[in-house]
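Structure record follows, encoded as C-alpha cells.
Computed from a prediction, not measured in an experiment: that's the story for all the values here.
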Amino acid sequence: MLQFIMERNLLLYVLAAACAVGVISQMILKQIYERLIRDTKNMGEPEGRFLQQLRQRFQYCAHLNEKVGDVRALIQKSIMEYRFWGMSLHQWKRLGGQCLVVSLLCAFAGTMARVQSGGMAVAGNTYFWLGVAAAALTAAAYGIADTGYGRECLEIRLLDYLENSGAVRDYSEADTEEYESDYGRQQEIRVPIVSVAEGRKAKRRAKAETAAAQTRAQKEKNDLKENLARIKAGMQETAAEKERSDRERNAELLRQMDPKEQERILREVLKEFLS
C-alpha cells in the first residue's frame with residue numbers, strides 16, 4: 001500500500017492541496033473582516049446582515065434593560081456567533097493551521113518512506129522541500145491576512161458604531177410618546193422596536209385586515225340593498241292589497257244601493273271624469 005502511494009505521488013498531491021486550502025482560507029477570512037469593517041463605515045441603514053442583527057440586538061437590550069451594561073461583550077458574542085459558509089471566524093482561522101499540519105505530516109511520511117528506501121532525508125527529497133514551502137506559504141498567508149488585527153479593528157469600530165456614532169439611538173432615553181383620547185384621559189404609547197421581518201409581517205397583516213374590512217363593507221352594502229328591496233316590495237304589495245280592498249268595499253256599497261241611486265252616482269262619476 002505504501003509503495004502504491006509513493007509510486008503515484010499521492011502524498012505530494014495531498015500536501016499541495018492542503019497547503020492551497022490553508023492559504024485560501026486565510027485570504028477568505030481577510031475578505032470577511034474587510035467586508036464587516038467596511039459595513040461599519042455606513043452610518044445609515046446597514047446593508048450587511050451581521051450589522052443589522054447586531055444593531056437590532058443592541059436596540060432590544062437597550063429597550064428592555066434601559067441600557068447595555070457591557071457593549072464589548074455583546075459585540076464579541078455576536079462575532080463568535082457569526083457564520084460564513086457554516087463556519088465561525090475562529091474555525092476559518094484554525095483551518096489554515098490544520099491544513100499546515102496535514103501538509104507537514106505528508107512531508108514527514110514521504111521523507112520517512114524515502115529514508116527507509118535508502119534515499120537522503122534532505123538532498124533531492126521533494127517531500128522535505130515541499131513541506132518547507134507549505135510552511136512558508138501558510139506563514140505568509142497568516143501574515144498577509146493579519147486576522148488578529150482585523151478582529152481587533154472590527155471590535156473597536158463596532159463599539160464606536162453602537163456607542164458614539166449616533167447611528168443607533170438609546171431607546172431608554174428617546175422613547176417616542178404619543179397620546180390618544182380614551183374616555184377623556186390620555187395614555188402613553190411607546191414605539192416598539194420592530195425588525196425588518198416583523199415589519200414585513202405587519203404590512204402583510206395590515207393588507208389582510210384591509211381586505212377583510214373591504215369584504216365586510218361590501219357584504220354590509222349588499223345586505224342593505226337586499227333589505228331595501230324587501231321593504232320596497234312589501235310596500236308595493238301592501239299598496240296593491242289596499243287598492244284591492246278599496247275596490248271590493250266600493251263594489252259592495254254599490255250592490256247594497258238602490259238601482260236608481262247606483263245609476264245617479266255612476267252618471268256623476270262619469271260626468272266628473274269626462275269634464
Side-chain angles (χ1 to χ4, degrees), residues 1-41 46-51 53-54 71-161:
M1 183 67 180
L2 180 59
Q3 184 179 359
F4 176 80
I5 293 175
M6 296 299 294
E7 289 177 354
R8 299 295 189 280
N9 294 324
L10 296 181
L11 287 177
L12 290 177
Y13 296 142
V14 173
L15 189 156
C19 177
V21 171
V23 172
I24 293 173
S25 66
Q26 298 313 299
M27 295 299 101
I28 292 176
L29 184 59
K30 181 176 182 295
Q31 293 298 320
I32 294 173
Y33 277 118
E34 288 180 351
R35 179 170 54 83
L36 295 177
I37 291 172
R38 185 168 56 251
D39 200 15
T40 59
K41 297 178 181 179
E47 297 179 358
R49 184 177 180 182
F50 169 76
L51 197 55
Q53 293 177 346
L54 178 61
V71 182
R72 187 177 291 274
L74 177 67
I75 292 173
Q76 291 176 348
K77 181 181 178 182
S78 299
I79 294 176
M80 290 171 59
E81 294 175 350
Y82 179 75
R83 293 290 184 275
F84 183 78
W85 290 353
M87 296 173 57
S88 66
L89 300 181
H90 181 66
Q91 290 173 330
W92 278 102
K93 185 176 181 180
R94 290 184 59 186
L95 182 60
Q98 294 170 352
C99 291
L100 175 61
V101 171
V102 173
S103 299
L104 294 179
L105 288 176
C106 291
F108 178 77
T111 300
M112 293 302 297
R114 180 179 173 83
V115 170
Q116 289 179 359
S117 63
M120 300 295 294
V122 178
N125 185 3
T126 307
Y127 293 97
F128 175 80
W129 294 111
L130 281 180
V132 173
L137 288 175
T138 304
Y142 270 94
I144 295 173
D146 198 5
T147 55
Y149 173 76
R151 184 185 180 94
E152 182 181 0
C153 182
L154 177 62
E155 290 181 2
I156 293 174
R157 285 185 173 274
L158 289 174
L159 186 64
D160 177 70
Y161 178 82

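A donor-acceptor pair under 3.5 Å links the side-chain atoms of Gln26 to the main chain of Trp92, judged by distance alone. Under a 3.5 Å cut-off, the side chain of Thr138 and the backbone N or O of Ala135 do not form any donor-acceptor pair. The closest donor-acceptor contact from the side chain of Ser103 to the backbone of Leu15 lies under 3.5 Å.
No side-chain heavy atom of Met80 sits less than 4.5 Å from a side-chain heavy atom of His90. Using a 4.5 Å heavy-atom cutoff, the side chains of Leu158 and Ile79 are in contact. In this structure the side chain of Gln31 never reaches within 4.5 angstrom of the side chain of Arg35, judged on heavy atoms. Side-chain contact between Tyr161 and Leu54 is absent, with no heavy-atom pair separated by less than 4.5 Å. Within the 4.5 Å cutoff, the side chain of Thr40 has no heavy atoms near those of the Leu36 side chain. Using a 4.5 Å heavy-atom cutoff, the side chains of Tyr142 and Lys93 are in contact. Side-chain atoms of Leu89 and Tyr33, non-hydrogen and from C-beta on, do get closer than 4.5 Å to each other.
Residues Tyr127 and Cys106 approach most closely at CD2-O, 4.0 Å, considering heavy atoms. The heavy-atom pair separating Leu104 from Gly131 by the smallest distance is CD2-O, 3.8 Å.
The CG atom of Leu154 sits 10.0 Å away from the OG atom of Ser78 when rounded to the nearest 0.5 Å. Atoms CG and CD, on Asp146 and Glu152 in that order, are 9.5 Å from each other to the nearest 0.5 Å. One finds the CE atom of Met87 at 7.5 Å from the OG atom of Ser25 (value rounded to the nearest 0.5 Å). Residue Ile75 holds its CD1 atom at 13.0 Å from CZ of Arg157, rounded to the nearest 0.5 Å. Of the inter-residue distances, the one linking Arg151 atom CZ with Ile37 atom CD1 reads 11.5 Å to the nearest 0.5 angstrom. For the atom pair CG of Leu51 and CG of Asp39, the computed distance is 5.0 Å after rounding to the nearest 0.5 Å.
Taking 4.0 Å as the cut-off between side-chain N and carboxylate O, Glu34 and Arg38 do not count as a salt-bridged pair.
Phe50 and Tyr82 have perpendicular rings, their planes meeting at more than 60° on a 0 to 90° scale where under 30° would count as parallel.
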